[in-house]
Peer 1: 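One structure, pasted below without further comment.
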Amino acid sequence: MTTTEIKKPGLLSNLTTQILIAMVVGAVLGIIIHNSSTEESAKVFSDYIKLLATIFIRLVQMIIAPLVFTTLVVGIAKLGDIKAVGRIGGKALGWFFSASFISLLIGMFWVNLLAPGKGLNLSNVDVTTASEVTEKTQNFSAQNFIEHIIPKSIVEAMATNEILQIVIFSIFFGLAAASIGAHAKPVINALDKTSHIVLKMVNYVMKFAPIGVFGAIAGVFAIRDFNELLFTYAKYFGSFLVGITSLWAVLLLIGYLFLGKAMGHLLQRIVSPLIIAFGTTSSEAVFPKLTEELERFGIKDKIVSFMLPLGYSFNLDGSMMYMTFASIFIAQAYGIDLSMGTQFTMLIVLMLTSKGIAGVPRASLVVVAATCGMFKIPIEGIALILPIDHFCDMFRSATNVLGNALATSVVGKWEKED
């Protein structure tokens, strides 16, 4: 869709209403199971009910690779030359790194001001719960980082849904197709038609979204005593909410400065993706839906198909804010005093090491653990935040979606003006 006219959706779409109802029903059912069942039976219930969320997320993951490849190649071919790709890519990366730096600064500001880790009692912390993250951290090196970015095989990259690797291959493929010109048209037309078929599949998959969100929420509340967690982690979670709320305020303000009244229309468009990301703690789960909604908002398909895959690798605003917040929180909990100079060094390290890890499970925690290790902060401190991490991840995922929708819309507006 290349129309520049903004199409206004209803205030709440039917899908959004269904998802909101599913969240409430899932939470109520999970709380009932938690309060009326033994810990073992609640765990069994949680494992089974979460299968609904697993099915939904896997259905989405099934179409991400073909969608990214087809739309990005077609988008680059339509841009026509390397100069256009370089111009849009430059704007995109400039936005991504600026947004990342602001997000990291916000996390650093609030964790220093509110100091949620000061005076924390570490005697009851079970460090074995952090073993999964610390094992991944041991493999976190410059070589593995490069291997994660550069694809060895496009087939392998698609099989494992490595978005950044697919993006790199697609950029080369698209530029090569654009340079060939008319001879590549049959291939580009075929990929264009394929992308529309995949987007039609998105409509079918999204009908399952309320059931997936229901399963995810019910599964979490069945095994977690939210009231107890909230009491134990009140200062940490409260400080985190202050930070993430201020980040939303900054993003919305910047969005309004660039988009004006259209910012309200954009929010109406992306409310469903935001809620799905919040409920499933997966920004990846809304990638296809977000692509569709941004095109309906009026952003040219070639801009959306270029910006979103890059954004999912380089522009994770919520995760960035959380990384500085969590790293310095762990240092505070262990009584380690970090100077401002050290914290800014940590901020730069996080800025660089966090790029391209979007597809890594518990990516934020892996980067936090690796950063802690670099600055002689006990990696086992990850165990401090694991119990509440799922609830923090809900807000991180939704913020990542907002940040990418905003970046794509602003760059799309710039391109119309050029």
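Along the sequence shown, residues carry numbers from 1.
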Peer 1: Can you see which heavy atom on A398 is nearest to which on F278, and at what distance?
Peer 2: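 Where A398 meets F278 most closely, the heavy atoms are CB-CB, 4.3 Å.
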Peer 1: Quick check: closest heavy atoms across A157 and Q165, and the distance to 0.1 Å?
Peer 2: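 For A157 versus Q165, the nearest heavy atoms are CB-OE1, 3.4 Å.
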Peer 1: Looking only at the side chains, is there a donor atom on one of S100 and S103 sitting less than 3.5 Å from an acceptor on the other?
Peer 2: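 The criterion, which ignores hydrogens and geometry beyond distance, is not satisfied for S103 and S100.
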Peer 1: May I have the step-by-step check of side-chain contact (heavy atoms from CB on, under 4.5 Å) for M23 and F214, ending in yes or no?
Peer 2: CA-CA 5 Å; M23 286 181 67; F214 165 77; over 6 Å; no
Peer 1: Taking H34's backbone N and O only, do any of them form a donor-acceptor pair with S37's side chain (distance below 3.5 Å, no angle check)?
Peer 2: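 Between the backbone of H34 and the side chain of S37 there is no qualifying donor-acceptor contact (under 3.5 Å).
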Peer 1: Using side-chain heavy atoms (C-beta onward) and a distance below 4.5 Å, is F109 in contact with I106?
Peer 2: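 F109 vs I106: side chains apart.
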Peer 1: Rounded to the nearest 0.5 Å, how far does CD1 of I270 lie from NZ of K289?
Peer 2: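 If I round to the nearest 0.5 Å, the distance is 12.5 Å.
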Peer 1: Between F325 and Y236 (judged by ring centroids, cut-off 6.0 Å), do the two rings come close enough to count as a pair?
Peer 2: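 F325 vs Y236: aromatic centres under 6.0 Å.
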Peer 1: Would you say the side-chain atoms of S327 pair up with the backbone N or O of C372, donor to acceptor, closer than 3.5 Å?
Peer 2: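 Not confirmed, S327 side chain does not pair with C372 backbone.
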Peer 1: Looking at side-chain heavy atoms only, is the closest gap between F97 and N315 below 4.5 Å?
Peer 2: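 F97 does not reach N315 side chain to side chain.
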Peer 1: Centroid separation under 6.0 Å, is that true for the rings of W110 and F240?
Peer 2: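 Judged by ring-centre distance (under 6.0 Å), F240 and W110 do not meet the cut-off.
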Peer 1: Is the charged tip of R396 near the ring of Y322: under 6.0 Å from the six-membered ring centre and within 45° of its axis?
Peer 2: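 Pair R396/Y322 counts as cation-pi.
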Peer 1: So do the side chains of V286 and T280 get within less than 4.5 Å of each other, counting heavy atoms only?
Peer 2: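 Counting from C-beta outward, V286 and T280 never come under 4.5 Å.
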Peer 1: From S41 OG over to I33 CD1, what is the distance, rounded to the nearest 0.5 angstrom?
Peer 2: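 So the OG of S41 and the CD1 of I33 are separated by 8.0 Å.
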Peer 1: Looking only at non-hydrogen atoms, find the nearest pair between V73 and L191 and report the distance.
Peer 2: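 Looks like CG1-CD1, 3.6 Å.
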Peer 1: Give, for atom CD1 of I31 and atom CG of N35, the distance between the pair rounded to the nearest 0.5 Å.
Peer 2: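 Rounded to the nearest 0.5 Å, the CD1-CG separation comes out at 7.5 Å.
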Peer 1: Go through the side-chain N and O atoms of Q343 and N112 and say whether any donor and acceptor fall under 3.5 Å apart.
Peer 2: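 There is such a pair between these side chains.
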Peer 1: Which atoms form the tightest heavy-atom contact between S283 and V401, and what is the distance?
Peer 2: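 That would be CB-CG2, 3.8 Å.
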Peer 1: Are P116 and V111 packed together at the side-chain level, in the sense that at least one heavy-atom pair is separated by less than 4.5 angstrom?
Peer 2: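 In contact.
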Peer 1: Is a side-chain donor or acceptor of D393 paired with a backbone partner of D389 at a separation under 3.5 angstrom?
Peer 2: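 Flag not set: sc D393 to bb D389 has no pair under 3.5 Å.
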Peer 1: Output, in order, the C-alpha distance, side-chain angles, deciding distance and verdict of side-chain contact (heavy atoms from CB on, under 4.5 Å) for T345 and F375.
Peer 2: CA-CA 10 Å; T345 304; F375 289 88; 4.0 Å; yes
Peer 1: Consider salt bridge (Lys or Arg N to Asp or Glu O under 4.0 Å). Of K302, K300, R87, which one does E415 pass it with?
Peer 2: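 By the salt bridge (Lys or Arg N to Asp or Glu O under 4.0 Å) criterion, E415 pairs with just one of K302, K300, R87: R87.
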Peer 1: With no hydrogens and no angle check, is any side-chain donor or acceptor of Y312 less than 3.5 Å from a backbone partner on M307?
Peer 2: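 Here the side-chain-to-backbone pair does not exist.
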Peer 1: Are the side chain of Q268 and the backbone N or O of M263 linked by a donor-acceptor pair below 3.5 Å?
Peer 2: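 Pair absent, no side-chain N/O of Q268 close to backbone of M263.
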Peer 1: Would you say the side-chain atoms of T71 pair up with the backbone N or O of S305, donor to acceptor, closer than 3.5 Å?
Peer 2: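 Not confirmed, T71 side chain does not pair with S305 backbone.
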Peer 1: Does D317 offer a backbone N or O that forms a donor-acceptor pair with the side chain of N400 under 3.5 Å?
Peer 2: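 Checked: pair present.
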Peer 1: How about L104 and M351: do any of their side-chain heavy atoms sit closer than 4.5 Å?
Peer 2: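 With C-beta onward as the side chain, the pair touches.
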Peer 1: Say whether, by atom type as modelled, one donor and one acceptor occur between the side chain of T342 and the main chain of L338 under 3.5 angstrom.
Peer 2: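 Not a single qualifying donor-acceptor pair exists.
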Peer 1: Please check if the number of heavy atoms outside Y48 that lie under 6.0 Å from its OH is greater than 12.
Peer 2: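 No, not enclosed.
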Peer 1: List the atom of A333, the atom of L384, and the distance in Å for their closest heavy-atom pair.
Peer 2: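 That closest heavy-atom pairing would be CB-CD1, 3.6 Å.
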Peer 1: When rounded to the nearest 0.5 angstrom, what is the spacing between CG in L310 and CH2 in W95?
Peer 2: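 The CH2 atom of W95 is 15.0 Å from CG of L310, to the nearest 0.5 Å.
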Peer 1: Once you round to the nearest 0.5 Å, how far does CE of M201 lie from CG of L199?
Peer 2: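 Atom-to-atom, M201:CE and L199:CG are 10.5 Å apart.
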Peer 1: By the definition side chain to side chain contact (heavy atoms under 4.5 Å, CB included), identify the one residue from L266, D301, I303 that meets it with L294.
Peer 2: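 That would be L266.
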Peer 1: What's the separation between atom OG1 in T371 and atom CD1 in I377, rounded to the nearest 0.5 Å?
Peer 2: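 One gets 8.5 Å once the value is rounded to the nearest 0.5 Å.
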Peer 1: Among L72, T291, I299, V167, find the one that has a side chain to side chain contact (heavy atoms under 4.5 Å, CB included) with L308.
Peer 2: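 One option only clears the test, and that one is T291.
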Peer 1: Determine the sole option in L350, L316, V349 for which the side chain to side chain contact (heavy atoms under 4.5 Å, CB included) test with M323 is passed.
Peer 2: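 That would be L350; it is the only one of L350, L316, V349 passing the side chain to side chain contact (heavy atoms under 4.5 Å, CB included) with M323.
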Peer 1: Determine whether I276 and F56 satisfy the following criterion, side-chain contact (heavy atoms from CB on, under 4.5 Å), listing intermediate values before the conclusion.
Peer 2: CA-CA 11 Å; I276 294 171; F56 169 64; 3.8 Å; yes
Peer 1: Any side-chain donor paired with an acceptor under 3.5 Å for T399 and W248?
Peer 2: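 There is such a pair (donor and acceptor under 3.5 Å, judged by atom type) between the side chains of T399 and W248.
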Peer 1: Assess whether side-chain contact (heavy atoms from CB on, under 4.5 Å) is satisfied between F169 and F69, documenting all intermediate values.
Peer 2: CA-CA 8 Å; F169 178 84; F69 175 69; 3.6 Å; yes
Peer 1: Write down the atom of I76, the atom of L175, and the distance for their closest heavy-atom approach.
Peer 2: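 Smallest heavy-atom distance, with atoms named: CG2-N, 3.7 Å.
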Peer 1: Using modelled atom types and a 3.5 Å cut-off, is there a donor and acceptor pairing between side-chain atoms of R224 and backbone atoms of P387?
Peer 2: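 Pair found, side chain donor or acceptor close to backbone of P387.
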Peer 1: Heavy-atom distance under 4.5 Å between the side chains of P309 and F287, does that happen here?
Peer 2: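 In short, these two side chains touch, coming nearer than 4.5 Å.
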Peer 1: Please check if the side chain of S46 supplies one atom and the backbone of A42 the other of a donor-acceptor pair under 3.5 Å.
Peer 2: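 Not at all, since once roles are kept as given, no pair shorter than 3.5 Å links the two residues.
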Peer 1: Begin from the C-alpha positions of T16 and S272 and carry the test side chain to side chain donor-acceptor pair (under 3.5 Å) through to its verdict.
Peer 2: CA-CA 5 Å; T16 305; S272 288; 2.3 Å; yes
Peer 1: Could you tell me if the side chain of F45 sits less than 4.5 Å from the side chain of L29, heavy atoms only?
Peer 2: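 Yes, at least one pair of side-chain atoms sits under 4.5 Å.
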Peer 1: When you compare the side chain of V410 with that of L259, does any pair of heavy atoms fall below 4.5 Å?
Peer 2: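 Contact flag for L259/V410 side chains = yes.
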